[in-house]
Each structure stands twice: as structure tokens, then as C-alpha cells.
Enquirer: 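This is the structure, below, for whatever I ask next.
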Amino acid sequence: MKAISPKVGVLVLNWNGLKVLDDCLKSLTKINYENHKVIVIDNGSTDGSICSAMKAYDKMEFLRFQKNYGYSAGYNKAFELLHDRDFDCYVLLNNDTAVEKNFLSLLVKAYQDIGDQHIYGPRVMYQNNKSKIWFAGGIINLPLTIKHRGIRELLSAKFLRIKNVDYITGCCLLIGKKTLENLSGFDERFEMYCEDVDLCLRGRSQGVKSIYVGESFIYHKVSSSIGGQFSICKIFKKIKSHFFLLKKSKLNNY
């Protein structure tokens with residue numbers, strides 16, 4: 001690590017996460033990278049999750065919105081509010097995750113070694129089956145394919161390497177503040193799903209690489225906010241976002 005460590009804003013987006021948020025925040029209290037600040041962004045929760053978190057984690061910062069803006073707009077509003085803060089980069093983290101103590105230090109090391117203009121992401125393992133991979137880098141082959149590399153595979157050496165990939169999942173990504181501003185944040189027309197793919201595709205058109213850091217890892221309770229991994233709601237939203245991404249990619253030639 002360099003002598004001067006980048007200051008990282010770890011942004012956790014929450015909406016009615018009573019069953020998952022505590023595990024996420026508890027894991028964040030144990031990370032071994034010092035120069036960071038955890039900020040919980042609450043999208044108008046009504047289940048008491050944010051009130052419980054504010055009492056239990058009073059050293060963390062909380063941004064509270066009056067309604068649920070969704071993923072893209074929720075984060076964009078937070079970026080606006082944090083614009084004048086001295087963060088070098090942000091980590092965006094789902095509330096239904098739990099992190100390993102060195103996940104952030106390994107992401108930051110890659111950010112420093114490879115370049116602060118790129119987008120970085122860790123390996124994501126299933127919370128309910130910790131030996132299996134949920135995400136080891138994204139693969140894009142439009143018009144049909146947007147998928148996770150390594151999904152449901154057992155961990156092996158090939159998934160521990162740093163690798164250039166097509167996209168980083170919005171479940172957990174690290175991005176420099178300047179890069180994020182150059183890309184104008186997320187496209188809020190994506191209601192849910194593919195906003196991360198779109199961000200990385202727009203970045204690629206400007207020379208921004210998506211870099212998977214395999215030794216850094218977290219656990220994910222997959223699709224806990226919308227009824228599970230194979231819920232009808234999830235499938236419908238994914239199809240809708242996929243078609244919008246396809247239309248947008250054709251118009252912008254990326």
C-alpha cells in the first residue's frame with residue numbers, strides 16, 4: 001500500500017432491510033482498512049431497519065430519504081449530497097451482503113496499483129452456500145448474453161486472479177469519485193438491474209476498464225429484497241431492463 005491511502009466512502013443502500021442490514025453493518029465494523037467512512041443511504045424504509053441501525057451503529061453516517069428512489073436514483077442523490085466531501089473513491093454495497101475484513105484493502109490495492117480511473121469489484125460468494133460463487137466478473141455478449149462468470153461453480157484457483165471483465169456487479173463495486181462524475185452516475189431510467197452493466201459499458205467507451213479482484217470477497221444473500229433468486233418480480237424486472245439496455249446500446253454503439 002502507498003503511504004497515503006485513498007479515503008473511501010462505503011455506501012450501503014438500504015430499503016426495508018430489517019432482516020439483513022445488521023449483518024452487513026456488523027461485518028463492516030471489522031474491516032482492516034482504516035481510511036474509510038461507512039454511510040448508510042436509506043430509501044424511505046418503513047420496517048424500522050434504519051432506526052435500529054442508527055442506534056446500534058452510531059459511529060456510522062446515515063442519509064435518510066423520504067421515499068424509495070430505487071437503486072440508480074438513490075445512489076445518484078447520495079453522490080450529489082457527498083459531492084463536496086473529500087472522498088477519493090466510493091464502494092457501493094448491497095445491504096444483503098457481509099464482507100470479509102480485508103475485502104476493502106485488497107480492492108484499494110488494485111485501485112492504486114492498476115489505476116484510479118477504472119471500476120473494481122470483488123468475488124461474491126453465496127451466503128447460504130459459501131463454497132459456491134455468485135459472481136467472478138461479468139460477461140456481456142449482446143444482444144442475448146449478460147451473465148456472471150463462475151456462477152454456482154466451486155471456488156478454484158482461476159477465480160482468485162485479477163482479471164479484466166466486461167462489467168462489475170452493482171452488488172459491490174469500487175469506483176473513483178472523478179470517474180463516477182465523468183460518467184454522470186447511474187442512468188435512472190433503469191428501474192432495477194442492468195444499471196451496473198450500463199455504467200461499465202459507458203465507462204468502457206471512455207477507456208475505463210472493469211477489473212475483477214478475485215482475492216477480495218464478500219457474501220451475498222441473493223435477491224433478498226424482492227422475494228428470492230427465482231421470483232417472478234425479479235425475472236420481469238430483469239427482462240425489462242435487458243431490453244432497455246439493448247435499445248440504448250444500439251443507439252450509442254457500445
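We're numbering straight along the sequence, starting at 1.
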Enquirer: Taking salt bridge (Lys or Arg N to Asp or Glu O under 4.0 Å) as the definition, give me every residue that meets it alongside Lys7, ordered by chain and number, with sequence neighbours left out.
Expert: Asp86
Enquirer: Under the side chain to side chain contact (heavy atoms under 4.5 Å, CB included) rule, collect the residues that match up with Thr179, sequence neighbours excluded.
Expert: Gln117, Ile175, Leu183, Val208
Enquirer: Not counting sequence neighbours, which residues clear side chain to side chain donor-acceptor pair (under 3.5 Å) with Glu61? List them please.
Expert: Arg85
Enquirer: Name all residues meeting the side chain to side chain donor-acceptor pair (under 3.5 Å) criterion together with Asn76; count only those two or more places apart in sequence or in a different chain, and write none if there are none.
Expert: Glu188
Enquirer: Using a 4.5 Å cut-off on heavy atoms from C-beta on, say whether the side chain of Phe103 contacts that of Ser27.
Expert: no
Enquirer: Contact between Val99 and Ile31 at the side-chain level, heavy atoms closer than 4.5 Å - yes or no?
Expert: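 Yes; the side chains approach each other to less than 4.5 Å.
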Enquirer: So which heavy atom on Ser5 is nearest to which on Tyr33, and how close?
Expert: CB-OH, 3.2 Å
Enquirer: Taking distance alone, no hydrogens or angles, what donor-acceptor pairs closer than 3.5 Å link side-chain atoms of residues 40-51 to residues at least two apart or in another chain?
Expert:
unit_1: Asp42; atom_1: OD1; unit_2: Asn14; atom_2: ND2; d: 2.8
unit_1: Asp42; atom_1: OD1; unit_2: Ser45; atom_2: OG; d: 2.6
unit_1: Asp42; atom_1: OD2; unit_2: Gly44; atom_2: N; d: 3.4
unit_1: Asp42; atom_1: OD2; unit_2: Ser45; atom_2: N; d: 2.9
unit_1: Asn43; atom_1: OD1; unit_2: Tyr69; atom_2: N; d: 3.2
unit_1: Asn43; atom_1: ND2; unit_2: Asn68; atom_2: OD1; d: 3.4
unit_1: Asn43; atom_1: ND2; unit_2: Gly70; atom_2: O; d: 3.1
unit_1: Ser45; atom_1: OG; unit_2: Asn14; atom_2: ND2; d: 3.2
unit_1: Ser45; atom_1: OG; unit_2: Asn16; atom_2: N; d: 2.7
unit_1: Asp47; atom_1: OD1; unit_2: Ser49; atom_2: N; d: 3.0
unit_1: Asp47; atom_1: OD1; unit_2: Ser49; atom_2: OG; d: 2.7
unit_1: Asp47; atom_1: OD2; unit_2: Gly17; atom_2: N; d: 3.3
unit_1: Asp47; atom_1: OD2; unit_2: Leu18; atom_2: N; d: 2.9
unit_1: Ser49; atom_1: OG; unit_2: Asn14; atom_2: ND2; d: 3.2
unit_1: Ser49; atom_1: OG; unit_2: Gly17; atom_2: N; d: 3.4

Enquirer: With Lys130, which residues qualify under side chain to side chain contact (heavy atoms under 4.5 Å, CB included), at least two apart?
Expert: Gln127, Tyr219
Enquirer: Check whether any side-chain heavy atom of Arg152 sits under 4.5 Å from a side-chain heavy atom of Ile133, and report yes or no.
Expert: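 With C-beta onward as the side chain, the pair stays apart.
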Enquirer: Using only atom types and a distance under 3.5 Å, with no angle test, would you say the side chain of Asp198 pairs donor to acceptor with the backbone of Cys194?
Expert: no
Enquirer: Between Arg202 and Gly185, what is the shortest heavy-atom contact and its length?
Expert: NH2-O, 2.8 Å
Enquirer: For the residue pair Asp88 and Val8, establish whether any side-chain heavy-atom pair is separated by less than 4.5 Å.
Expert: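 SC-SC contact between Asp88 and Val8 ruled out.
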Enquirer: According to a hydrophobic-cluster definition based on side-chain heavy atoms being under 4.5 Å apart (Ile, Leu, Val, Met, Phe, Trp, Tyr only), do Leu106 and Phe217 belong together?
Expert: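 Per the 4.5 Å side-chain linkage, Leu106 and Phe217 are not co-clustered.
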Enquirer: For residues Gly170 and Asp196, report the shortest heavy-atom separation together with the two atoms involved.
Expert: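 Nearest pair, atom of Gly170 first, then Asp196: N-OD2, 2.7 Å.
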Enquirer: Verify, without hydrogens or angle tests, whether Arg149 (side chain) and Gly137 (backbone) share a donor-acceptor contact under 3.5 angstrom.
Expert: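 Here the side-chain-to-backbone pair does not exist.
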Enquirer: Begin from the C-alpha positions of Leu11 and Leu93 and carry the test side-chain contact (heavy atoms from CB on, under 4.5 Å) through to its verdict.
Expert: CA-CA 6 Å; Leu11 310 184; Leu93 186 67; over 6 Å; no
Enquirer: Hey, does Cys172 have a side-chain heavy atom less than 4.5 Å from the side chain of Val91?
Expert: yes
Enquirer: How many angstroms lie between atom CG of Leu92 and atom CG of Leu174, to the nearest 0.5 angstrom?
Expert: 8.5 Å
Enquirer: Find out if a path of hydrophobic residues (ILVMFWY) with successive side-chain heavy-atom gaps under 4.5 Å connects Leu173 to Ile139.
Expert: no
Enquirer: What's the separation between atom CD in Gln112 and atom SG in Cys89, rounded to the nearest 0.5 Å?
Expert: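 Spacing of CD (Gln112) from SG (Cys89) equals 9.0 Å.
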Enquirer: Provide the full list of side chain to side chain donor-acceptor pair (under 3.5 Å) pairs with a residue in residues 206-216, sequence neighbours left out, each pair given once.
Expert: none
Enquirer: Does one hydrophobic cluster hold both Leu142 and Phe190, with members joined at side-chain heavy-atom distances below 4.5 Å?
Expert: yes
Enquirer: Say you draw a straight line from CG of Leu21 to SG of Cys24; how long is it, rounded to the nearest 0.5 Å?
Expert: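 SG of Cys24 is found 6.5 Å from CG of Leu21.
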Enquirer: Please report the C-alpha distance between Leu25 and Thr29 in whole Å, then the side-chain angles of each, then the deciding distance to 0.1 Å, and finally whether the side-chain contact (heavy atoms from CB on, under 4.5 Å) criterion is met.
Expert: CA-CA 7 Å; Leu25 300 186; Thr29 65; 5.7 Å; no
Enquirer: Applying ring pair (Phe, Tyr, Trp, His ring centres under 6.0 Å), name anything that partners Phe186, two or more places apart in sequence or on another chain.
Expert: Tyr71
Enquirer: Not counting sequence neighbours, which residues clear side chain to side chain contact (heavy atoms under 4.5 Å, CB included) with Ser156? List them please.
Expert: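 Ser156: side chain to side chain contact (heavy atoms under 4.5 Å, CB included) contacts with Lys158, Phe159.
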Enquirer: Could you list the donor-acceptor pairs under 3.5 angstrom formed between side-chain atoms of residues 162-169 and any protein atom two or more places apart in sequence or on another chain?
Expert:
unit_1: Asp166; atom_1: OD2; unit_2: Ile140; atom_2: N; d: 2.8
unit_1: Thr169; atom_1: OG1; unit_2: Cys171; atom_2: N; d: 3.1

Enquirer: Go through Glu195 and Leu199 one step at a time and tell me if the side-chain contact (heavy atoms from CB on, under 4.5 Å) criterion holds.
Expert: CA-CA 6 Å; Glu195 60 278 287; Leu199 180 75; over 6 Å; no
Enquirer: For side-chain contact (heavy atoms from CB on, under 4.5 Å), just list the numbers for Phe62 and Val38, CA-CA rounded to whole Å, side-chain angles, deciding distance to a tenth of an Å, and then say yes or no.
Expert: CA-CA 9 Å; Phe62 293 83; Val38 176; over 6 Å; no
Enquirer: Arg204: which residues meet the side chain to side chain donor-acceptor pair (under 3.5 Å) condition with it, sequence neighbours left out?
Expert: none
Enquirer: Roughly how far apart are Lys77 NZ and Glu80 CD, rounded to 0.5 Å?
Expert: 6.0 Å
Enquirer: Could you tell me which residues satisfy side chain to side chain contact (heavy atoms under 4.5 Å, CB included) with Asp22, sequence neighbours excluded, listed by chain and number?
Expert: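 Partners of Asp22 under the side chain to side chain contact (heavy atoms under 4.5 Å, CB included) test: Lys26, Tyr57.
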Enquirer: Do the side chains of Tyr75 and Phe65 join up, straight or via other hydrophobic residues, at under 4.5 Å, putting them in one cluster?
Expert: yes
Enquirer: Are side-chain heavy atoms of Trp134 and Met125 found at a separation under 4.5 Å?
Expert: no
Enquirer: Side chains of Asn129 and Ser131: does their closest heavy-atom pair fall under 4.5 Å?
Expert: yes
Enquirer: Going from CD1 on Ile114 to NZ on Lys109, what distance comes out if it is rounded to the nearest 0.5 angstrom?
Expert: 8.5 Å
Enquirer: Measure the CD1-NE2 distance between Ile218 and His220 for me, rounded to the nearest 0.5 Å.
Expert: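 The CD1 atom of Ile218 sits 7.5 Å away from the NE2 atom of His220.
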Enquirer: Side chains of Lys132 and Leu155: does their closest heavy-atom pair fall under 4.5 Å?
Expert: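 Not touching, per the 4.5 Å side-chain cut-off.
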Enquirer: Is a donor on one side and an acceptor on the other found under 3.5 Å between the side chain of Lys177 and the backbone of His83?
Expert: yes
Enquirer: Salt bridge or not for Asp23 and Lys221, using N-O below 4.0 Å?
Expert: yes
Enquirer: Say whether Ile146 and Val222 are linked into one hydrophobic cluster, either directly or through other cluster members, by side-chain heavy-atom distances under 4.5 angstrom.
Expert: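 Same cluster.
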